[in-house]
Amino acid sequence: MKQVSLIAAAVALGMNGTATLAANVSDVTQSGDGNAASVSQMNGSTDAAVYINQDNYAGGGAFGNHATVTQNAATSANVTIDQSYYENQANVSQEYSAGVTADVFQWGEENVVNISQKNGSDGANAEVYQDFVGTSYANITQDAAIGANSLINQSGSDWMNQLASISQVGGIGNTGEVNQSSYNSWINIGQYGGQSNTATANQYGGDGNGASLLQAGVVGNEANTDQLGIGNYAGITQSEGYPYATWAGSNNIANINQSSSYFSNATISQSGVNDSSAVVSQAGSGNNANVIQANSLYAMTANVAQTGDSNLAGITQDDSYFATAGITQNGNGNIAGITQTNMSDGSGAIIDQMGNGNWADIAQSYSYLTTAAISQANSSGAAAQINQSDLGYGTADIIQSSADGSSADISQTGYEQVASLAQYGLINEGIITQSNSDNYASVTQSGIGGYAYVEQSASGDSVTINQLSGTSNSATVYQSN
């Protein structure tokens, strides 16, 4: 008769007299190539542990190995998989489990990791470390979890084509983070239908990388992207989240930082996300930043800061009360544009540029009580334009200092609006046009060869033009009822 080990079948009696099953432990070590290891721990394992070692680094590495672990209805269970060299694969599935951890370590290239923690895996933790990787892939999925954490680290600056993906569905207080140091690699993080979650994508030391972060149907979440290199792309989208949720998000934060960056692109889109903010920071030349915010019941804020030449920055805010938008550019030949439209009452836009040959444009429409301001310093050959096709009570200000051969244009179509334009330099042009009644326009020019033109086409308007400390200036005022 087969003898049964008392240790293997141990039943420990608790103080309350109930029986508690002892933890299951599996330890598998394989040396060589083309091996396969599979471990399943089912039906409510507590403090279960699995360790699979397919790391033959001392012997030159192993390739083509596969490791698969399945844990079901487990509590405080953990999995560790260690593989080296190339073409290895690790798969971990932990379902209906709480407080579980999964750690996978891979050294080499063309390796694959898939970790799935689903169906209420509260407090789950998944971490993937891929070192000296090229053309490797890591994927983590966490479903209906509270306080879950996902981390993927892919390193090896001389390698390329890394791919990392994190998906978290219906969770609260979850974190997803990916760190890469490589070329031509991609990060994708999606958080759906949750709240108070954080998504972070960092890409250092490489060019041609991309990161996409999506938070849908979320409240109080934060998305951050930090990139270093040339020709990178970063995109953050925060939206209502259908079909994952039916409510709009609020109090969300989106941040993109691209440093030592050339010819890179940054995009942030927030739709139906109330009282949220977006920030883009780029240092380098030839970069592009675009922020789109729409359909918010409360104030939204957007800010873009660029240092370098030939950069492009755009902010669009649609149907958002008391929204604020700001663009700062330090360099030459930059372009900045802000558009606020469709019931964006009480909104404000500011563009601040330092350098020559820059261009700035602010457009505001179908709103009351809007403010727009453009400042251009050391701005020879610069151009500034403000167009307020508003319902009324708007203000517009343009200042161009140390400006030679620059132009400024303000157009307003509402009631009781104020336009102010100041230019300091040589051969500058300032134009203000106002329609409807009770408007005020002011032009100040200091220098030689200035041209000022003001046109007002309704009653109750007034104009002030000052051309100081210069010669060969020209001023024209046209008023009609």
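The first residue of the sequence shown is numbered 1, and numbering continues consecutively from there.
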Just to verify, which of Asp461, Thr395, Thr464 counts as forming a side-chain hydrogen bond (donor to acceptor under 3.5 Å, both in side chains) with Tyr440? Thr464
Carefully, step by step, assess Ser320 and Gln293 under the rule side chain to side chain donor-acceptor pair (under 3.5 Å). CA-CA 8 Å; Ser320 176; Gln293 297 175 317; over 6 Å; no
Heavy-atom count check: over 12 atoms from other residues, nucleotides or ligands less than 6.0 Å from Ile350 CD1? no
Identify which one of Glu455, Gln388, Gln412, Gln417 satisfies the side-chain hydrogen bond (donor to acceptor under 3.5 Å, both in side chains) criterion when paired with Gln434. Gln412
Measuring from Ser459:OG to Asp438:CG, what's the distance to the nearest 0.5 Å? 6.0 Å
So, for Gln168 and Ala148, which heavy atoms are closest and what is the spacing to 0.1 Å? NE2-O, 4.0 Å
For Leu151, look at atom CG and say whether over 12 heavy atoms of other residues, nucleotides or ligands are found less than 6.0 Å away. yes
Smallest heavy-atom separation, Gln423 atom then Glu429 atom, equals NE2-O, 2.7 Å
Assess whether side chain to side chain contact (heavy atoms under 4.5 Å, CB included) is satisfied between Asn255 and Glu222, documenting all intermediate values. CA-CA 8 Å; Asn255 297 301; Glu222 181 174 348; 3.9 Å; yes
A quick test of your reading: do over 12 heavy atoms of other residues, nucleotides or ligands sit less than 6.0 Å from OH of Tyr368? no
Distance-only donor-acceptor check, side chains Thr341 and Ser365, under 3.5 Å: yes
Have Gln162 and Ser182 got a donor and an acceptor in their side chains that come within less than 3.5 Å? yes
Under 3.5 Å, is there a donor-acceptor pair between the Asn342 and Asp319 side chains? no
Assess whether side chain to side chain contact (heavy atoms under 4.5 Å, CB included) is satisfied between Tyr321 and Ser367, documenting all intermediate values. CA-CA 9 Å; Tyr321 292 97; Ser367 304; over 6 Å; no
Intermediate values then yes/no, side chain to side chain donor-acceptor pair (under 3.5 Å), Asn111 and Ser136: CA-CA 5 Å; Asn111 294 311; Ser136 290; 4.6 Å; no
Does Tyr415, at its OH atom, have more than 12 non-hydrogen atoms belonging to other residues, nucleotides or ligands within less than 6.0 Å? no
Pick from Asn224, Asn202, Asp226, Thr225: which one makes a side-chain hydrogen bond (donor to acceptor under 3.5 Å, both in side chains) with Asn257? Asp226
